[in-house]
Structures are given as structure tokens and as C-alpha cells.
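Here's the structure, in C-alpha cells; my notes come after.
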Protein chains: 4
Amino acid sequence: MIMKLDFASSVPIYQQIRDQIVQAVADGDYLDGDRLPTIRALAGEAGINTMTVNKAYQLLKQEGYIITDRRNGAIVQCSGGRKKAVEKKVNKELELLAAEAKIAGISQEEFLEFCRKAYSG
Amino acid sequence: MIMKLDFASSVPIYQQIRDQIVQAVADGDYLDGDRLPTIRALAGEAGINTMTVNKAYQLLKQEGYIITDRRNGAIVQCSGGRKKAVEKKVNKELELLAAEAKIAGISQEEFLEFCRKAYSG
Amino acid sequence: MIMKLDFASSVPIYQQIRDQIVQAVADGDYLDGDRLPTIRALAGEAGINTMTVNKAYQLLKQEGYIITDRRNGAIVQCSGGRKKAVEKKVNKELELLAAEAKIAGISQEEFLEFCRKAYSG
Amino acid sequence: MIMKLDFASSVPIYQQIRDQIVQAVADGDYLDGDRLPTIRALAGEAGINTMTVNKAYQLLKQEGYIITDRRNGAIVQCSGGRKKAVEKKVNKELELLAAEAKIAGISQEEFLEFCRKAYSG
DNA sequence: GTGGTCTAGACCACC
DNA sequence: GTGGTCTAGACCACA
């Protein structure tokens with residue numbers, strides 16, 4: 001698990017961690033049931049505090065991406081149950097992105113091509 | 001210009017203002033050369049501080065969406081010149097969105113349909 | 001004795017075991033004098049460590065729900081002697097539950113109906 | 001706002017804070033729109049860390065009891081919208097409580113009387 | 001002045 | 001050894 005953290009970014013560290021783990025799960029780097037690195041391990045290799053990683057894991061837990069248990073650490077769970085909620089969020093953010101793309105002169109064809117690539121990975 | 005502000009949101013007010021103006025421009029509510037409301041007017045009707053609106057306008061100016069002029073206020077400028085920069089940003093955010101959609105069980109067809117609607121919107 | 005354990009829960013496993021045994025006793029699945037499964041048996045079929053079950057049994061013993069005997073295992077004991085202590089605990093927890101229910105818009109009639117069902121159930 | 005914290009308890013401090021605020025809201029000590037004490041103020045008078053209070057506030061925010069905004073601090077919000085979710089939680093906890101009460105020899109009449117008192121406050 | 005974030009270091013409950 | 005909790009102190013973004 002290689003984390004690329006941008007300490008200068010306004011995006012909180014814990015959010016960056018959360019995002020990258022979500023990416024990794026979507027990319028198939030982590031499968032359902034796989035163990036995530038321990039909080040201490042991840043904090044150690046990233047050179048950050050365990051509390052920060054802990055917050056990221058709690059976010060993921062709360063969002064349903066992982067389950068944590070004291071025996072096995074954090075385990076990936078691709079339940080796929082929260083479809084409706086994610087749909088809503090995705091649509092809302094897509095609207096703003098599409099608006100910015102439109103103004104910048106990106107055609108619908110180009111935009112949809114970007115979307116296709118993003119999904120296909 | 002009706003602003004819908006969510007003071008409970010973690011998204012800063014100035015960001016919300018910026019986003020809605022970008023939306024309005026993309027939707028054609030503002031055309032190239034149109035004048036945005038004055039900072040004071042917008043702050044007044046939204047019940048917020050002029051400093052907050054000012055920050056939103058500075059963001060928009062910095063992003064190239066508007067130009068400001070001490071005499072004429074803020075003027076929309078759909079230059080469309082920053083295509084490369086916007087492309088980069090859009091692609092980056094699309095990746096995360098697509099990842100979350102994929103995990104939630106949203107198919108590529110569904111996702112692309114959302115994208116299409118967001119652009120046509 | 002079928003145990004439903006949620007390893008993802010923040011509630012400790014031993015607590016979950018303890019709760020379910022208390023439920024079973026209250027439901028009449030275990031009568032005064034009945035033998036509980038041995039620690040080894042329960043641990044085996046639940047796929048957990050005997051230490052964990054042991055802790056649950058010690059909790060139950062300490063609370064007076066069972067007595068343990070090296071020869072006969074754990075025996076249910078509905079002494080009913082700790083009424084005062086239980087009353088205190090029940091009242092304290094009811095207060096918080098009632099508060100949450102009230103805020104959520106659950107009427108007193110509804111709440112009492114829930115209570116009635118919980119007791120009869 | 002007088003907080004009674006039990007540092008010896010296994011219940012986390014932030015949970016105790018959360019519970020007492022929920023109680024206060026249900027009791028009408030805080031009405032919809034009222035401001036909660038600032039994180040610093042509450043931490044100071046309770047002699048605990050701001051992070052701990054912060055966690056309690058985030059819990060309350062996440063549960064929908066308050067909204068926080070950088071301008072006004074934390075504001076109580078009795079939306080009452082989450083009825084179904086609260087119903088489920090209340091029923092689950094009532095079951096265990098009723099079971100313990102039953103075993104302790106508390107009659108249904110007594111139990112319901114406790115429930116009534118808890119709701120009436 | 002408000003909440004939000006992060007650190008470095010610590011102790012605890014659980015398994 | 002795992003996650004969960006807490007501290008004391010700090011800095012930042014926001015309004």
C-alpha cells in the first residue's frame with residue numbers, strides 16, 4: 001500500500017487516505033475480505049500519526065467500505081448496498097464537474113470519453 | 001441571482017457561492033460579458049458578510065471565470081482558454097467518483113448515463 | 001444454543017454472548033437449574049476463543065445469572081434477588097432511550113407500546 | 001451546562017457528553033436553534049481536552065442532533081426526521097432491558113411504570 | 001473567536 | 001498485536 005500524500009493540499013490527510021483506499025478497492029487492488037494495513041503500519045510508512053489514519057479508517061467504516069474488528073484489523077467489504085446514496089452524491093458532483101468542463105470548452109463527446117476512461121480505469 | 005447556502009455544510013460558504021456561479025454560467029444564465037451582482041448586493045440578500053462574497057469573486061477571478069473592474073463590477077468571461085487545466089482537474093475528480101460508483105454497484109452504462117445528463121442538464 | 005455474533009460491531013464479543021444468554025433466559029429457553037453449554041462447546045461452534053466465552057460466563061456469574069461448578073459446568077440461576085440493582089440500571093438506560101425517542105418524534109403512546117411488546121415479546 | 005463525567009466508567013467520555021446533551025435536548029433545556037457551549041468552553045469547565053468534546057459534537061452532528069457552522073458554533077436541530085431509525089434502535093435495546101427486568105422479577109406493570117416515568121421525565 | 005485538523009506519545013480493552 | 005480512546009498543545013481555515 002503506497003500512499004501519496006500531499007501535505008500542502010487543503011484536502012485533509014485523512015481524506016486523502018480515504019480516497020486512495022476507495023480507489024484501490026475500486027481498482028481491485030483490494031478484494032472483498034482483504035485486510036487493510038494496520039493503522040500503525042500505514043501511519044509508520046506514511047510518516048503520519050496513528051490518529052490521522054484512525055480517522056480515515058473510521059470514515060471508511062462509517063461509509064460501509066470496511067469493517068474493523070479487534071482481532072483482524074480492518075477488512076474490506078464490498079457490500080454494494082448503498083447504491084442509492086452514492087448515486088445521489090455522484091450525480092450532484094457530476095453536475096458541477098460537467099458545468100466547469102462545458103465552460104472550459106470541453107465538448108460533450110470529450111467529457112463522456114473522460115467519464116468512460118475514468119470508469120474503465 | 002438566488003443563492004442556496006447551506007451553513008451546516010463543511011463546504012465553505014465562499015466555495016458554495018463560487019460553485020453556484022459556475023453552474024449559472026454553464027447553464028447560460030450568465031453570458032459572456034454579463035455583469036454579476038455587486039458584492040454588497042449578493043452579501044445583503046444572502047445575509048452574509050461582504051468578505052465572504054469577495055473571496056468567492058476573487059476565486060472566480062483567479063480561475064478566469066470573471067474579470068473585475070473597479071467601475072463596472074464583476075464581468076463574466078467565458079474565455080474557454082484554460083481547457084488543459086480544467087481537463088486535468090475534471091479527470092482527477094472523475095476517477096474518484098467513478099471508483100465510488102463502481103463499488104456501489106453502478107454499472108458503466110448507468111454511470112455514463114449520469115454523465116450525459118449532467119452535461120446536457 | 002445458536003449464537004449470532006457480529007464481529008464488526010463495537011460491542012465486545014463477550015458482551016454479545018452475555019446479552020444473548022440473558023435474552024434466552026428471559027425468553028424461557030433456559031429455566032432455573034438448566035445447564036449452559038460448556039465453554040469449549042460454545043467457543044467451538046462459534047469459532048471463537050475459549051477465553052472470550054470464559055469472560056462472558058464470568059460476567060454472568062458475577063451478575064448472578066449463573067453459578068459455575070467445576071463438575072457440572074454453568075447452571076442457570078433465576079434467583080431474582082438483585083431486583084434493586086437491576087431496577088436502577090434499567091431506569092438509567094430507559095431515560096436515555098426515552099429521550100432519544102422523544103426527540104425523534106415518537107409519542108408516549110408509541111413508546112409505551114414498544115415497551116409492552118419488548119416485555120411480552 | 002453542567003456535565004457529570006465518570007472518568008472511571010468504561011463508557012467513553014465523548015459518549016457520556018453526547019448522552020447528556022441528548023438528554024438535555026429531550027428535557028427541553030435546549031430548544032431548536034439554541035447554541036451549545038463552544039467546544040473550548042465545555043472542555044475547559046469539564047477539565048478535558050477539546051478533542052474529546054469535538055468528537056462528541058461530531059457524533060451529535062452525524063446523528064443529526066446538531067449542526068455546526070464556523071460562524072455560530074454548534075446549534076441544536078430537532079429535525080425529528082430520523083424516526084424510523086430511532087425506532088429500530090430503541091426497540092432493540094428495549095428488548096434486552098425488558099429481558100433483564102423480567103429475570104430480576106420486575107413485573108410488566110412495574111416495567112411499564114418505569115417506562116412511563118422515563119418518558120414523562 | 002469558532003470549529004477543523006494534526007502531532008507525539010500514551011494507556012486501555014479486546015482477542 | 002489490534003483498534004479505541006485520551007491528552008496537551010498547536011496551527012489553520014473560516015466568518
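Note that the structure is predicted; figures quoted are calculated from it, not measured.
The pair A:Lys88-A:Glu95 does not meet the salt-bridge criterion, since no charged nitrogen lies less than 4.0 angstrom from a carboxylate oxygen. A salt bridge is defined here as a Lys NZ or Arg NE, NH1 or NH2 lying under 4.0 Å from an Asp or Glu carboxylate O, and A:Arg82 with A:Glu63 fails to meet this definition.
Between A:Lys61 atom NZ and F:dT2 atom P the separation is 16 Å, expressed in whole Å. Following rounding to the nearest Å, A:Ile66 (CD1) and F:dT2 (C1') show an atom-to-atom distance of 13 Å. Per the geometry, CG belonging to D:Leu5 stands 10 Å off P belonging to F:dC6, to the nearest Å. A straight line from CD1 of D:Ile75 to C1' of E:dT2 spans 12 Å, rounded to a whole angstrom. Rounded to an integer number of Å, the gap from D:Ile39 CD1 to F:dG9 P is 18 Å. Per the geometry, CG belonging to A:Leu42 stands 18 Å off P belonging to F:dG1, to the nearest Å. Between the CG atom of D:Leu60 and the P atom of E:dG3 there is a distance of 13 Å, given to the nearest Å.
Scanning all heavy atoms of the two residues, the minimum distance from A:Tyr30 to A:Pro37 falls at OH-CD, 3.5 Å.
Within the 4.5 Å cutoff, side-chain heavy atoms of B:Ile21 are placed close to those of B:Leu60. Between A:Tyr14 and A:Val53 there is no side-chain heavy-atom pair separated by less than 4.5 Å. The shortest side-chain heavy-atom distance between C:Ile48 and C:Ile17 falls under the 4.5 Å cut-off.
Between D:Asn54 and E:dG3 there is no side-chain N or O to OP1 or OP2 distance below 4.0 Å. Residue A:Thr68 places at least one side-chain N or O closer than 4.0 Å to OP1 or OP2 of F:dG4.
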Fill in the blank from the handout: Heavy-atom contacts, protein to nucleotides 10-15 of chain E, under 4.0 Å, summarised as B (base), S (sugar-phosphate only) or - (none) per nt, yield ----SS
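Here D:Ile48 lies in heavy-atom contact (under 4.0 Å) with sugar-phosphate atoms only. The residue D:Asn72 sits apart from the nucleic acid: no heavy atom pair falls under 4.0 Å.
Few gaps surround CG on D:Leu31; more than 12 heavy atoms of other groups in view lie less than 6.0 Å from it.
For B:Gln15 and B:Asp19, the side-chain atoms include at least one donor-acceptor pair closer than 3.5 Å.
Applying the side-chain contact (heavy atoms from CB on, under 4.5 Å) rule to C:Thr68 yields the partners C:Lys61, C:Ile66, C:Ala74; only residues at least two apart in sequence or on another chain are considered.
Comparing F:dG3, E:dT5, E:dG3 by their nearest atom to the side chain of D:Gln58 picks out E:dT5.
Consecutive Watson-Crick or G-U pairs involving DNA chain E, each under 3.5 Å on both distances, make up stems of three or more pairs at E:1-14 with F:1-14.
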